[in-house]
Amino acid sequence: MNPITIDDDFSLIFNSVILSQYFHIEDIRGRGVLGQDVELLEFSGMDGALVSSTKTPVRIIEVDIAFDEVSDFKLRKVIEIVNGVLITKEAKSLVFEDEIDRIYYAITSGVKETFEWGGVHRDTITFICPDPYKYGPAKAEGPFTDLSLPVVLNTKGTVSTPPNFKIWLKDNTTFLDIIGDEDYMRIGRPVNIDEFAVAERELILHDTMSTTTGWGDAQSSDIDGGVVAGTMTSDGTKFIASSLGSGTAWHGPAKIKSLGQELTDFDVAVQPILDNDDLTKIGRIEVYLLDVNKKAVAKLAIKDMSKGQGGNIAELRVGDNVVNHFMIAEYGTNWNTWHNFNGLLQITKKGNKWTAYVAKFINGDRNNRTSRKFVEWEDRENQFTRKVAHVVVHIATYGTSTPSRMSIQDLEVYKLNQLTESQIPYIGEDGDVFEFDMGASRILKNGDFFMRKDFGSRFFHLQPGDNALVFNPPNVISRVEGEWRDKYR
């Protein structure tokens, strides 16, 4: 069978670039009927064989193209542009005009030159699709608010496809279920008749930094390597340093607040903003956790310490400035991982186990995060056992350096309770958002990875046609939204 012939104005879009504006398309091969790899088992004395397994192989698409330019000089420049688009490190979207509502995901594996003479140049581009299927546009359903009956989602594709669900809570729950016809997903677990649902985390302090009322002035002995100077104020949404004072080293205002109790196990999260809008500026934002004697239990900080480079160092430390263990003290994967930081610093202690976490918010959205860093550490010698009784917030610059733009927009302190075998912890409460990304095999809670998946449950796909799904328990869910792409052979 001869390959189909395509008109000269046919469009090919790769990685969102209309490549066919630079050349003519002559032939396309590889978008026809798909075969499959079949593995057979043969047994002595048995006619034929048994089918052991089947697999859809990678899809290979070949595109014959022709450049027709008025001069060799212009031809070389156009080819440079095309090369810059074609060479990628991973599969990118590939769209053809005659099926504009379908997307392939391809990477170029080779280009064969077939002809060149007098400004005319012909090639065959080979695209490999590691995922052999093609996809329709993203489809969104919901919000679904009445969950007393199953939610029916209809997929138009010819192959099962992974969905993404977002579930908003309106009450406390120890578990969540998504139950399909043949599969189910569960996080947490229900409470048996001889068990009790309890809060593993008890909110001790949630300060939205809308006012400095209730905060006292901290002392220089409450911070590391500098002096407390200047004035901390609130603009109604966040703490800022209206004045940083003066000093030869680190200097700036600091405020202190008593928690009214001592916390043995705790979870502390702060949301600072440190903009690197000018590479010559310097600054640090620090939160200290102190015991009743004002000795440091831990510290959370984000710092811009380098003139001329930019980027921020995240520093999460157990202990004081003499005896300590640094869980995180780095720029991140690259020097600019936490550049222009608007995100979360979090440190947790439960028994002798500590965790430290850093993440940036995407466009300021707390539930949409990137540049994550998570570290666990066990204090096996039980060296760091002080209890948290006070919290200090501090903003500073160094010497006569121009300060970066800095602020603190939220602070939360939780007490962690030790649970008995008959006590089942809540996994979520009013306002929490869970996301189930079935394709990536990932569960997020408020933008963070959530690890309490039931052992027997699994990430599943929607089947072609109607899919009836039960979201349970319906009385704790305020709404559900679903999203997927129809998938085709």
Side-chain angles (χ1 to χ4, degrees), residues 138 140 143 164 166-169 203 205-212 232-242 255 267-279 281-287 300-304 310-316 328 330-348 356-374 391 393-396 403-414 428-435 437 440 442-450 478-479 481 483:
N164 187 356
K166 280 189 176 181
I167 300 177
W168 283 259
L169 298 187
L203 183 62
L205 171 66
H206 182 198
D207 200 311
T208 58
M209 321 311 281
S210 61
T211 176
T212 57
M232 187 86 75
T233 60
S234 173
D235 66 0
T237 61
K238 56 188 178 295
F239 277 15
I240 58 175
S242 59
K255 290 286 188 179
D267 180 18
V268 177
V270 62
Q271 297 179 28
I273 298 176
L274 202 166
D275 290 329
N276 308 100
D277 58 333
D278 186 330
L279 299 186
K281 295 181 180 180
I282 294 294
R284 74 180 187 182
I285 304 171
E286 300 186 318
V287 175
L300 308 88
I302 189 82
K303 302 179 178 182
D304 181 358
N312 293 313
I313 295 174
E315 186 178 287
L316 288 91
I328 298 176
E330 60 184 69
Y331 283 103
T333 306
N334 302 298
W335 71 267
N336 61 349
T337 299
W338 296 312
H339 187 75
N340 288 332
F341 190 85
N342 179 356
L344 186 73
L345 307 176
Q346 185 172 6
I347 196 162
T348 306
Y357 174 75
V358 182
K360 282 181 69 175
F361 300 154
I362 299 175
N363 298 323
D365 181 1
R366 178 181 175 129
N367 294 327
N368 195 4
R369 304 180 183 181
T370 186
S371 303
R372 298 179 179 93
K373 175 78 174 184
F374 180 80
V391 60
V393 294
H394 172 54
I395 297 176
S404 302
R405 289 191 298 167
M406 298 173 284
S407 60
I408 303 172
Q409 56 184 342
D410 196 84
L411 175 66
E412 293 178 326
V413 179
Y414 285 88
E429 57 189 28
D430 180 21
D432 285 339
V433 182
F434 286 90
E435 183 175 353
D437 188 336
R442 182 179 66 189
I443 303 171
L444 301 178
K445 176 184 177 182
N446 301 328
D448 285 335
F449 293 112
F450 187 81
S478 64
R479 72 182 191 272
E481 294 180 359
E483 186 178 272

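Hydrogens, waters and symmetry mates are skipped; everything else that's a heavy atom, side chains included, is used. Positions are given from 1, in the same order as the sequence printed here. Small disclaimer: the values here were computed from a predicted structure and weren't measured.
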Residues [X], [Y]: salt bridge by 4.0 Å N-O rule:
| X | Y | answer |
| --- | --- | --- |
| E483 | K166 | no |
| K281 | D304 | no |
| R366 | E412 | yes |

Rounded distance [0.5 Å steps], [atom1] in [X] versus [atom2] in [Y]:
| X | Y | atom1 | atom2 | result |
| --- | --- | --- | --- | --- |
| I395 | S407 | CD1 | OG | 6.5 Å |
| I408 | L274 | CD1 | CG | 10.0 Å |
| D430 | S478 | CG | OG | 7.5 Å |
| T212 | D207 | OG1 | CG | 9.5 Å |
| F374 | I328 | CZ | CD1 | 9.0 Å |
| D267 | Y357 | CG | OH | 12.0 Å |

For the student: nearest non-hydrogen atoms of [X] and [Y], plus distance:
| X | Y | result |
| --- | --- | --- |
| R479 | P143 | CD-CB, 3.8 Å |
| D275 | S404 | O-CB, 3.6 Å |
| S234 | T237 | OG-N, 4.1 Å |
| Q346 | A269 | CG-CB, 4.1 Å |
| G283 | M406 | CA-SD, 3.6 Å |

Just wondering, do [Y] and [X] contact through their side chains at under 4.5 Å, heavy atoms?
| X | Y | result |
| --- | --- | --- |
| D410 | V270 | no |
| L169 | E429 | no |
| F341 | V358 | yes |
| T370 | K360 | yes |
| Y414 | V268 | no |
| I302 | L345 | yes |
| R405 | I273 | no |
| L411 | M209 | yes |

Without swapping roles, check the side chain of W338 against the backbone of G311 for a donor-acceptor pair under 3.5 Å. no
Is a side-chain N or O of D365 found less than 3.5 angstrom from the main chain of N367, in a donor-acceptor match? yes
Side chain to side chain contact (heavy atoms under 4.5 Å, CB included), that's the test. Do V287 and H394 meet it? Break it down for me. CA-CA 6 Å; V287 175; H394 172 54; over 6 Å; no
Side chains of [X] and [Y], donor plus acceptor under 3.5 Å:
| X | Y | value |
| --- | --- | --- |
| N276 | N312 | yes |
| Q409 | N342 | yes |
| H339 | N334 | no |
| N336 | Y331 | no |

If you apply the rule salt bridge (Lys or Arg N to Asp or Glu O under 4.0 Å), what do you find for E330 with K373, and how did you get there? CA-CA 10 Å; E330 60 184 69; K373 175 78 174 184; 3.7 Å; yes
Candidate list I362, N446, N363, test side-chain contact (heavy atoms from CB on, under 4.5 Å), partner N368, passing option: I362
W168 vs E481, test: side chain to side chain contact (heavy atoms under 4.5 Å, CB included). Steps then yes/no. CA-CA 9 Å; W168 283 259; E481 294 180 359; 3.6 Å; yes
Taking the six-membered ring of F449 as reference, does the cationic atom of R372 (NZ for Lys, CZ for Arg) lie under 6.0 Å from its centre and within 45° of its axis? yes
Test side chain to side chain contact (heavy atoms under 4.5 Å, CB included) on L444 and F434 and set out the steps. CA-CA 6 Å; L444 301 178; F434 286 90; over 6 Å; no
The test is salt bridge (Lys or Arg N to Asp or Glu O under 4.0 Å); show your working for E286 and K303 and say whether it passes. CA-CA 8 Å; E286 300 186 318; K303 302 179 178 182; 3.5 Å; yes
